[in-house]
Amino acid sequence: MSNVKNQRKSKLTIALDIDDTLLQCTSIILKVAKEKFGYEFPIEEVRWGFANFPEGQQNILSLFGQAEFYQKQTPIAGAVKMVETLISRGHDVIILSAMPPELMSVRAEQIMKFFPMIKKENILLGQRKDLVH
């Protein structure tokens, strides 16, 4: 029992992704795709990361290279409170986000706007999240 209590008191380093974890992503990208291309895809049919996307989904993926998409993202309900709670409990919260280098400043500004409680040095942007252990 005391071992469980000690584990609960230990500080954790918690890495959180942004898209569809802290900020709305898929629903926003589909909204932008409808505005730009007239596409209507059910959210359940979107499968990121597969090479065999229908042609329309390739266009949707291209939107990740545009600042407009990032500027439309807003926090998922409860996300800000969750991050505040983790930090108030003494945990070190790290944000990881994979994105094109030319849009990193847009993403950083967005994170600092919605999650000002996260230390700036804990915002890790790049395209190789797989390198973070």
Side-chain angles (χ1 to χ4, degrees):
M1 181 71 164
S2 64
N3 191 23
V4 171
K5 285 183 182 178
N6 289 338
Q7 286 177 346
R8 288 186 184 153
K9 290 182 182 180
S10 48
K11 176 181 167 182
L12 300 174
T13 298
I14 302 169
L16 298 172
D17 189 21
I18 288 288
D19 293 324
D20 285 333
T21 302
L22 297 177
L23 298 181
Q24 297 176 37
C25 177
T26 305
S27 60
I28 301 297
I29 206 91
L30 291 176
K31 182 179 177 183
V32 174
K34 184 177 179 182
E35 293 167 3
K36 285 191 171 256
F37 307 120
Y39 296 145
E40 291 197 50
F41 289 106
I43 199 166
E44 302 81 28
E45 290 183 20
V46 176
R47 292 175 186 88
W48 306 114
F50 295 106
N52 60 342
F53 283 145
E55 183 179 327
Q57 287 187 336
Q58 288 294 338
N59 289 335
I60 290 174
L61 289 175
S62 74
L63 297 174
F64 282 102
Q66 300 177 14
E68 173 188 7
F69 159 67
Y70 298 101
Q71 293 161 344
K72 290 186 176 199
Q73 286 184 286
T74 57
I76 292 173
V80 173
K81 179 69 175 161
M82 178 197 67
V83 171
E84 288 173 341
T85 300
L86 291 171
I87 291 171
S88 73
R89 292 183 180 172
H91 302 300
D92 199 21
V93 175
I94 307 291
I95 298 297
L96 297 173
S97 186
M99 57 187 324
E102 60 274 12
L103 293 171
M104 288 180 183
S105 62
V106 174
R107 178 63 98 192
E109 289 172 14
Q110 179 186 48
I111 293 167
M112 291 183 290
K113 173 184 172 184
F114 294 125
F115 302 95
M117 71 292 291
I118 294 174
K119 299 174 197 169
K120 289 179 184 177
E121 61 267 22
N122 285 1
I123 299 172
L124 305 176
L125 306 176
Q127 293 195 301
R128 296 286 313 270
K129 289 190 293 186
D130 62 305
L131 297 175
V132 177
H133 299 282

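Nothing here was measured: the structure is a model prediction, and the numbers come from that model. Every heavy atom of this structure was used, including side-chain atoms; hydrogens, water molecules and symmetry mates were not.
A distance of 6.5 Å separates CG in L23 from CZ in F114, rounded to the nearest 0.5 Å. The CD1 atom of I28 sits 5.0 Å away from atom OG1 of T74, with the distance rounded to the nearest 0.5 Å. Atom NZ in K36 sits 14.0 Å away from atom NZ in K31 (nearest 0.5 Å).
Between the side chain of Y70 and the backbone N or O of F64 there is at least one donor-acceptor pair closer than 3.5 Å. Panel note: side chain D92, backbone I14; no donor-acceptor pair is recorded below 3.5 Å. The backbone N or O of K11 lies less than 3.5 Å from no partner atom in the side chain of H91, so there is not a single donor-acceptor pair.
For the pair T85 and I87, the minimum side-chain heavy-atom distance is 4.5 Å or more. At a threshold of 4.5 Å between non-hydrogen side-chain atoms, the residues K72 and Q24 do not count as touching. Side-chain contact between I18 and I111 is present, with at least one heavy-atom pair separated by less than 4.5 Å. M112 places none of its side-chain heavy atoms less than 4.5 Å from the side chain of M117.
A continuous path of hydrophobic side-chain contacts links L86 to I118 [ILVMFWY only; heavy atoms under 4.5 Å].
Heavy atoms only, all atoms of each residue included: D17 and T21 are closest at O-CB, 3.3 Å.
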Expected list for residues 93-108: side-chain donor-acceptor pairs under 3.5 angstrom, two or more places apart:
unit_1 : atom_1 : unit_2 : atom_2 : d
S97    : OG     : R107   : NE     : 3.1
R107   : NH1    : Q73    : OE1    : 2.9
R107   : NH1    : Q110   : OE1    : 2.7
R107   : NH2    : D19    : OD1    : 2.9
R107   : NH2    : D19    : OD2    : 3.2

